[in-house]
Amino acid sequence: EAQVTQNPRYLITVTGKKLTVTCSQNMNHEYMSWYRQDPGLGLRQIYYSMNVEVTDKGDVPEGYKVSRKEKRNFPLILESPSPNQTSLYFCASRPLGQGAYGYTFGSGTRLTVV
Amino acid sequence: KNQVEQSPQSLIILEGKNCTLQCNYTVSPFSNLRWYKQDTGRGPVSLTIMTFSENTKSNGRYTATLDADTKQSSLHITASQLSDSASYICVVRAYGNNRLAFGKGNQVVVIP
């Protein structure tokens, strides 16, 4: 089954403790992206990657890091989480190009930083 | 200012009734527009996609329309069911750009 897999689904952590949220897709998509979703603000892009070793900032990149060492994986790293990073996070992927390609989203990771 | 505006922000409808959600955008040049359905706590799932030359697209009880001249789209839900309770997100892509513009969503609650 074609899918984007995120782990973990739920995470509670303390301020300052480094964490990684994993994202993996099995569709050989070039483009991968991380979003956070907060009430009243909709989905906001954190980082994206157009291929292996190619990453770029989205609209809200502060406090986050990403890496793209393999085409299928795109982990999101919070080096020193803070309470304002409490949010619902989604990883998504799609083919690159001008075609009418839509995203396939993961099921989400609900992060709470206390 | 957000490039994609959706209205109403939320609505409650009776099971079996129809409803229409609106999406106005300023993204230019236009490439395509997609409606997603997002159940609470889950990832968005694509419902329909329309390119510049298309003005209507259906997916079961969901029908999307597009007026590229006025930069407006609508999503019509026919004979609503309890499972239609969700947020519906309008997403617009500009031509030549890999970035997407997201609306904040229409929250629909269907009650028995």
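A continuous path of hydrophobic side-chain contacts links Met32(A) to Val21(A) [ILVMFWY only; heavy atoms under 4.5 Å]. If you chain together hydrophobic residues whose side chains sit under 4.5 Å apart, Leu11(B) and Ile77(B) fall into the same group. Leu21(B) and Tyr25(B) fall within a single hydrophobic cluster, where Ile, Leu, Val, Met, Phe, Trp and Tyr are joined by side-chain heavy atoms under 4.5 Å apart, directly or via other members. Trp34(A) and Tyr64(A) fall within the same hydrophobic cluster, defined by Ile, Leu, Val, Met, Phe, Trp and Tyr side-chain heavy atoms under 4.5 Å apart, directly or through other members. Under the 4.5 Å side-chain heavy-atom criterion for grouping Ile, Leu, Val, Met, Phe, Trp and Tyr, Tyr36(B) is not connected to Val4(B) through any hydrophobic cluster.
For Gln6(A), no part lies near chain B; criterion is any non-hydrogen pair under 4.5 Å. Proximity to chain B is limited to the side chain of Arg9(A), based on heavy atoms less than 4.5 angstrom apart.
Comparing Ser107(A), Gly42(A), Gly58(A), Ala92(A) by how many heavy-atom pairs each has under 4.5 Å with chain B, the most go to Ser107(A).
More than 12 heavy atoms of other residues, nucleotides or ligands sit less than 6.0 Å from atom CG of Leu14(B). Other residues, nucleotides and ligands contribute only 12 or fewer heavy atoms inside 6.0 Å of the NZ atom of Lys65(A).
Here the closest heavy-atom approach between residue Gly43(B) and residue Phe90(A) is recorded as CA-CE2, 3.2 Å.
Note that the CG atom of Leu43(A) and the CD atom of Gln38(B) stand 6.0 Å from one another [nearest 0.5 Å]. The structure places CG of Leu88(A) at 10.5 Å from CZ of Arg42(B), a figure rounded to the nearest 0.5 Å. Here the CZ-OG distance, from Arg94(A) to Ser46(B), works out to 12.5 Å after rounding to the nearest 0.5 Å. A distance of 5.0 Å separates CG of Leu100(B) from OH of Tyr35(A), quoted to the nearest 0.5 Å.
Classification of the Tyr103(A)-Phe102(B) ring pair by plane angle, with boundaries at 30° and 60°, yields parallel.
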